[in-house]
Amino acid sequence: MKNRNADTVVVLDYETTGLSPDQGDRGIEIGAVLLEAGKVTDRFQRLMNPGFRVSAFIEDYTGISNSMLHSAGNGESATREFAEFIDNHNLVAHNASFDRRFLDAEMQRAACSYSGTFACSMLAARRLYTDAPNHQLGTLVHLRQLDNEGVFHRALADAEMTALLWLDMLEILGERYQLNQTTFGTMQQLTRTAKGAVEKLLHRQADVQRSTTA
DNA sequence: TGCCAGGCCCTCTTTAGGGCCTT
């Protein structure tokens, strides 16, 4: 296995037929970007035919129509390709518990697997954008004036915006806490720390970083 | 338009309830 680079992550987003794979919902689109050293270096996007018609709500919500899905390949082949794209990298998603459930379910169907661990940009955002009116992806993109083409609820567009949000948060950690070599593990730790203890954690991390680089 | 679920978080909590976020 290749060494896992803490700075390289795959940022992904699923569009699905509903909220729960345990209730029979399937992924209908997977979008992802490979983020290396602060830059998007690769992209992945596939539509997936779930094998049944999606609801009018999902067609409206995502802009993905039944006719688009009719001509799409099945989820198993797309998932196998996606497993190769993930390689052994760690993963980021906005509300990662949702995307992880669908990724795990689709991987199981396709009889493949991945080895990286997830970090959640939404949980990190709740710690770092404490003044935001809410922590929906679209709200944060507008709040932070991140580049976007006005496309929301499509997998690749949402993955691209999540990646920009991720980079924005890394920049905040550098500016606000002088954490200039933020690792994936630091971000995971951030999301697992109670809100009231975040400041202490990040200042302590910065102290450790300074002492090890001095 | 938003229910279905699940995980996380906050608080008027921890022997619980409800809001947020994802489609």
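In the text below, chain A, chain B and the rest are named by the order of the sequence lines, each starting its count at 1.
Residue A/Ser20 has its side chain nearest to B/dA5 when only B/dT22, B/dA5, B/dT23 are considered. Candidate nucleotides B/dC21, B/dT23, B/dG6 were compared by shortest atom distance to the side chain of A/His94, and B/dC21 ranks first.
Side-chain N/O atoms of A/His135 include one lying less than 4.0 angstrom from OP1 or OP2 on B/dC21. Contact check, A/His153 against B/dT23: a side-chain N or O comes under 4.0 Å of OP1 or OP2.
Nucleotides B/dT13 and B/dC8 are separated by 22 Å at their P atoms, to the nearest Å. Comparing the C1' positions of B/dG7 and B/dC12 gives an interatomic distance of 23 Å, to the nearest angstrom. Rounded to a whole angstrom, the distance from the C1' atom of B/dG17 to that of B/dT1 is 25 Å.
Here the CG-CG distance, from A/Asp87 to A/Leu34, works out to 9.0 Å after rounding to the nearest 0.5 Å.
Among the protein residues, A/Asp60 comes within range of no part of the nucleic acid, since none of its heavy atoms lies under 4.0 Å from any strand. Counting any heavy atom pair closer than 4.0 Å across all strands shown, A/Leu137 reaches sugar-phosphate atoms only and no base atom. Within the nucleic acid shown, A/Asp99 has no heavy atom closer than 4.0 Å to any nucleic acid atom. Backbone-only engagement by A/Tyr14 is indicated by non-hydrogen atom pairs under 4.0 Å involving sugar-phosphate atoms exclusively.
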Donor-acceptor pairs under 3.5 angstrom involving side-chain atoms of residues 159-168 of chain A: please list them, not counting sequence neighbours.
unit_1: A/Glu160; atom_1: OE1; unit_2: A/Arg43; atom_2: NH2; d: 3.4
unit_1: A/Glu160; atom_1: OE2; unit_2: A/Arg43; atom_2: NE; d: 2.5
unit_1: A/Thr162; atom_1: OG1; unit_2: A/Asp158; atom_2: O; d: 2.8
unit_1: A/Asp168; atom_1: OD1; unit_2: A/Arg144; atom_2: NH2; d: 3.3
unit_1: A/Asp168; atom_1: OD2; unit_2: A/Tyr129; atom_2: OH; d: 2.6
unit_1: A/Asp168; atom_1: OD2; unit_2: A/Arg144; atom_2: NE; d: 2.6
unit_1: A/Asp168; atom_1: OD2; unit_2: A/Arg144; atom_2: NH2; d: 3.3

With the criterion being N/O to N/O and under 3.5 Å, what pairs connect the protein with nucleotides 7-9 of chain B, and how long is each?
unit_1: B/dC9; atom_1: OP1; unit_2: A/Arg127; atom_2: NH2; d: 2.4
unit_1: B/dC9; atom_1: OP1; unit_2: A/Thr191; atom_2: O; d: 2.9

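Between A/Glu81 and A/Arg46, at least one side-chain nitrogen of the basic residue sits less than 4.0 Å from a carboxylate oxygen of the acidic one, meeting the salt-bridge criterion. Contact check on A/Asp104 versus A/Arg101 returns no salt bridge, with no Lys/Arg side-chain nitrogen under 4.0 Å from an Asp/Glu carboxylate oxygen. Between A/Arg154 and A/Glu29, at least one side-chain N (NZ, or NE/NH1/NH2) sits under 4.0 Å from a carboxylate O, which counts as a salt bridge.
Summarising the hydrophobic clusters (Ile, Leu, Val, Met, Phe, Trp, Tyr; side-chain heavy atoms under 4.5 Å, direct or chained), the residues clustered with A/Leu69 are A/Ile28, A/Leu47, A/Val54, A/Phe57, A/Ile58, A/Tyr61, A/Ile64, A/Met68.
Atom P of nucleotide B/dT23 and atom CD of A/Gln136 are separated by 10 Å, given to the nearest angstrom.
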Open item on the list: Run A/Phe184 and A/His89 through ring pair (Phe, Tyr, Trp, His ring centres under 6.0 Å) and show every step you take.
Closed with: CA-CA 11 Å; A/Phe184 184 82; A/His89 298 301; over 10 Å; no
